[in-house]
Amino acid sequence: MSKSSMALYERARRVIPGGVNSPVRAFGAVGGTPLFLRSASGAWVEDEDGRRYVDYVGSWGPMLFGHAEPSIVEAVADTAQRSTSFGAPVRLEVEMAELVTEMVPSVEMVRMVNSGTEAAMSAVRLARGFTGRGKIVKFEGNYHGHADFFLAAAGSGVATFGRPGSPGVPLSAIRDTLLARYNDAASVDRLFEAHGDDIACVIVEPVAGNMGCVPPEPGFLEALRSLCSDRGALLLFDEVMTGFRVASGGAQARYGVLPDLTALGKVLGGGLPAGAYGGRREIMAHLAPSGPVYQAGTLSGNPLAMAAGKAALTRILKDAALYDRLEALGQKLEEGVRKNLRDRNLPYCFARVGSMGTLFFTDRRVTDYEGARSCDMARYAQYFHAMLKRGIYLPPSQFEAFFLSSAHGDDEIEQTLAAQREALAEIHA
Ligand code: HOZ
C-alpha cells in the first residue's frame, strides 16, 4: 500500500469533498485508497512513493500518445511564454477549428469550450434552439457529463456509486429527458411514437464507454440516423471518448454514420482541459454571436489547450499507421486476456473497439446498461486490486473503459498479461 497516497488522502479528505475532484477517482467501487500520482511518461505512471504502474486509465481517455508526449509538452511550454490566456481571438483557435473540421466528417463548424460536460450540454441547448423542441432522448448507462438534464440513469460515476441520478437535480430538469435502451432502436421508435414532434435530439455515445465499453450492435447507429431524419430531430453523437480515439474521424468515421451535431473532448485537448461541439453549418450558425442561441466562456479556446490539442491532432494526421498500430496492440491484449481466461471457469465478456475496452465479469454478452449492471462488481474489485499490486493500473470501476496509448508496446502488454495470470489465479482461488 502506498504510504504517501494514504497520507495525502487523509489530508485531502479534510479539505476536498471525498478527497477527490471527480468521484470515480476515489476508488469507491473497488475500495482502498486512491493512488496519488506525481509523474508519468509514455505508458507508465508513478505514484507519490515512486512505485510505477502500466497505465490503462490514460487520464480517462485523453492520453492517446501516452504521458508527457514531447510534441505536446513543447507546444504548451512554448505557448505559455506568450501568455496563458488572452480572452481574445487567437490564431491557434482557427488552426484547431480547421483541424477538427478537416478530421471529423460531419463537422463543418465548431465551437471550443472547456470540457466534455460543457460540450454536450451546449450541444443540447443548440439542438433545442435550432429545432424549437424541448425533449431529448438519452440512453440508459450513457454519460454525457454532469449537466442537470443528463443525470437520469447516467453511467460513469453516477453508475459507479449506484445512484439513479443526483439530489440537487430538480424533477423539472429531467422531465424532458426521455430514456431509451442502448442498442435497442425500437425503444427510441416508441419514444418518437409517444412524443412525436417534441423531440429535439437523440444523444448517444456511438461506442458507449461510461458503463464499461459497449460497442454499437450492427445497424443500431444507422437506425438512429433514419429515425432522427424521419422525425425532424437532430442526432447528436457524444464523441468525447471516441473522438480521435477509435479513428481519426471518431466513431462516425469508423461506423460511417453521420450525426447532425458532435460533442468532443479528451484527446481533443491533448491532456489539457478542452471540449468542443460542432456540426452542420446551418445548425452552428444559430449560435451567438451569429445566431440567437447563447453560449460563452472566459477560457474557451484557451491558447494552452489549443496548443496541446493542435499538437495532438497534428501528430494523428502525420501518422497514417497510428490506428492500425493501436488496433494491433488492442488485439494482442485481447487475445492474451482470452487465453488467460480460457478454462478458468470464470464467466466474462471482453468488449473492445480499437484502443478502448472493458473486461466484464458476467456470463452474458453486454449490450446495454442492464447487462453492464449484471456484472460481478465484487469480483472486479478483487481483480482490480490483484492487478494494482502487480503494477497494473486499471480503471477503478467496472463502469469505466480502459485505454491503450501508442506508447504502450509489446513489453507492457506482456507484463500486463503475466500479472493477469497471477491475478486471476489469486481471485479464483
Ligand atoms: N467521468 C470521467 C470518466 N468517464 C471521470 C473523470 C475523472 O474522474 O477524472
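Note that ligands are numbered from 1 as they come in the structure, with each ligand's atoms numbered from 1 the same way. The basis for the numbers below is simple: all heavy atoms, side chains too, and nothing from hydrogens, waters or symmetry mates. All figures in this text were calculated on a predicted structure; none of them were measured in a lab.
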Inset, instruction - Mind running side-chain contact (heavy atoms from CB on, under 4.5 Å) on Arg373 and Phe399 for me, showing each step along the way? - result: CA-CA 9 Å; Arg373 281 192 309 177; Phe399 296 124; 3.9 Å; yes
What are the distances between nitrogen or oxygen atoms of ligand 1 and protein nitrogen or oxygen atoms, counting only those under 3.5 Å?
unit_1: ligand 1; atom_1: 1 (N); unit_2: Ser156; atom_2: OG; d: 3.1
unit_1: ligand 1; atom_1: 4 (N); unit_2: Ser156; atom_2: OG; d: 3.2
unit_1: ligand 1; atom_1: 4 (N); unit_2: Asn210; atom_2: OD1; d: 2.7
unit_1: ligand 1; atom_1: 4 (N); unit_2: Glu400; atom_2: OE1; d: 2.8
unit_1: ligand 1; atom_1: 8 (O); unit_2: Ser22; atom_2: OG; d: 2.9
unit_1: ligand 1; atom_1: 8 (O); unit_2: Arg25; atom_2: NE; d: 3.2
unit_1: ligand 1; atom_1: 9 (O); unit_2: Arg25; atom_2: NE; d: 2.9
unit_1: ligand 1; atom_1: 9 (O); unit_2: Arg25; atom_2: NH2; d: 2.9
unit_1: ligand 1; atom_1: 9 (O); unit_2: Trp60; atom_2: NE1; d: 3.1

Legend entry - Among Gln331, Arg338, Lys332, side-chain hydrogen bond (donor to acceptor under 3.5 Å, both in side chains) partner for Glu334: Arg338
Legend entry - Sole residue of Phe384, Tyr383, Phe350 in ring pair (Phe, Tyr, Trp, His ring centres under 6.0 Å) with Phe361: Tyr383
Legend entry - Reference residue Phe139; test ring pair (Phe, Tyr, Trp, His ring centres under 6.0 Å); the match among Phe220, Tyr369, Phe237: Phe220
Legend entry - Identified side chain to side chain contact (heavy atoms under 4.5 Å, CB included) counterpart of Glu370 within the set Met211, Arg364, Glu140: Arg364
Inset, instruction - Look at the side chain of Arg25 and the backbone N and O of Val20, then say whether any donor-acceptor pair between them is shorter than 3.5 Å. - result: no
